[in-house]
Amino acid sequence: HEALYNKGISLANLGRYEQAIDAYDQALTIKPYKHEAWLNRGIASSKSSHQAVSFLSSLNTYLLPLQHPELQKRGYLGQLACHQVGLEYVLQANNPLGWGLLHRDTGHAHYAHGHFDPSRLHQAIKEYNQALITLTAVDFPTEHLETLQWAIRAYLGLGDLDQVRTLRQQGLAVLQNLLN
């Protein structure tokens with residue numbers, strides 16, 4: 001799975017997103033709870049603008065797209081589908097970091113595709129709050145701070161300055177603890 005995962009990263013870096021998705025799917029067939037592969041598959045899906053042409057020819061290699069046809073979506077909806085399917089395998093109890101990162105990246109997708117759309121900003125905030133359930137200041141302080149930063153951006157987009165101040169104070173406290 002590691003070789004296939006790394007192959008996916010290399011292909012994505014070359015802009016060959018469909019081939020990268022195929023490599024991630026193969027890696028995830030072996031190790032479906034590898035959150036990094038779900039996250040990178042989501043990025044590749046968001047950057048690809050067309051449906052996978054290799055789907056039918058690849059069924060003998062891996063079954064993930066067959067089990068989850070929604071993984072054939074691309075763009076924003078493809079990224080969301082990838083994260084949702086990933087959350088079926090990356091469980092909060094077994095992998096709190098991966099679970100939180102999948103929620104945070106779902107928030108990023110909503111934020112990026114709805115910069116000025118209040119409903120998407122609200123969806124982003126909902127996902128950031130989900131992420132903060134496991135990306136706690138105690139267990140994952142760096143990831144916690146990054147999630148707070150993204151939540152602050154979303155609240156700024158909504159003009160909710162009271163919530164921005166509250167989250168800023170929380171972030172400063174976490175940062176102070178890290179510095180100490």
Verify, without hydrogens or angle tests, whether Arg16 (side chain) and Asn13 (backbone) share a donor-acceptor contact under 3.5 angstrom. no
Any heavy-atom pair between the side chains of Tyr128 and Arg104 that's under 4.5 Å? yes
Find out if a path of hydrophobic residues (ILVMFWY) with successive side-chain heavy-atom gaps under 4.5 Å connects Leu161 to Ile125. yes
Does any non-hydrogen side-chain atom of Trp99 lie less than 4.5 Å from one of Leu91? no
4.5 Å side-chain heavy-atom contact, Tyr33 and Asn95: no
So CG of Leu4 and NZ of Lys31: to nearest 0.5 Å the spacing works out to 12.5 Å
Please say yes or no: joined through hydrophobic side-chain contacts below 4.5 Å, possibly via intermediate residues, are Leu145 and Leu132 part of one cluster? no
Taking the six-membered ring for Trp, is the centroid-to-centroid distance between His35 and Tyr89 below 6.0 Å? no
Closest approach of Leu71 to Cys82 (non-hydrogen atoms, all atoms of both residues): CD2-CA, 3.7 Å
Indicate the atoms forming the closest heavy-atom contact of Leu11 with Ala23, along with that distance. CD1-CB, 4.5 Å
Among the clusters formed by ILVMFWY side chains lying less than 4.5 Å apart, do Leu167 and Leu178 turn up in the same one? no
Can you see which heavy atom on His122 is nearest to which on Leu158, and at what distance? CE1-CD1, 3.6 Å
Approximate separation, where rounding is to 0.5 Å, of Gln79 CD and His113 NE2: 6.5 Å
Is a side-chain donor-acceptor pair under 3.5 Å present for Gln26 with Asp22? no
Minimum heavy-atom distance Leu121-Gly157, with the two atoms named: CD1-C, 3.8 Å
Cluster check Tyr155, Trp150: I/L/V/M/F/W/Y, side chain < 4.5 angstrom: yes
Student check: side-chain heavy atoms of Glu70 and Leu77 closer than 4.5 Å: no
Please check: side-chain N/O of Tyr24 versus main-chain N/O of Ile9, any donor-acceptor pairing under 3.5 Å? yes
Non-hydrogen atoms of Leu80 and Ala109 that approach each other most closely: CD2-CB, 4.0 Å
Does a sphere of radius 6.0 Å around CZ in Arg168 hold more than 12 heavy atoms from other residues, nucleotides or ligands, not counting ones at 6.0 Å or beyond? no
Among Ile, Leu, Val, Met, Phe, Trp and Tyr joined by side-chain contacts under 4.5 Å, find the other residues sharing a cluster with Leu14 and list them by chain and number. none
Atom OG1 in Thr134, atom CG in Leu101: separation rounded to 0.5 Å? 7.5 Å
Rounded to the nearest 0.5 Å, how far apart are CD of Glu2 and CD of Glu36? 7.5 Å
Cation over ring face, Arg41 and Trp38, 6.0 Å, 45°: no
Classify the ring geometry of His110 against Tyr76: parallel below 30°, tilted from 30° to 60°, perpendicular beyond 60°. perpendicular
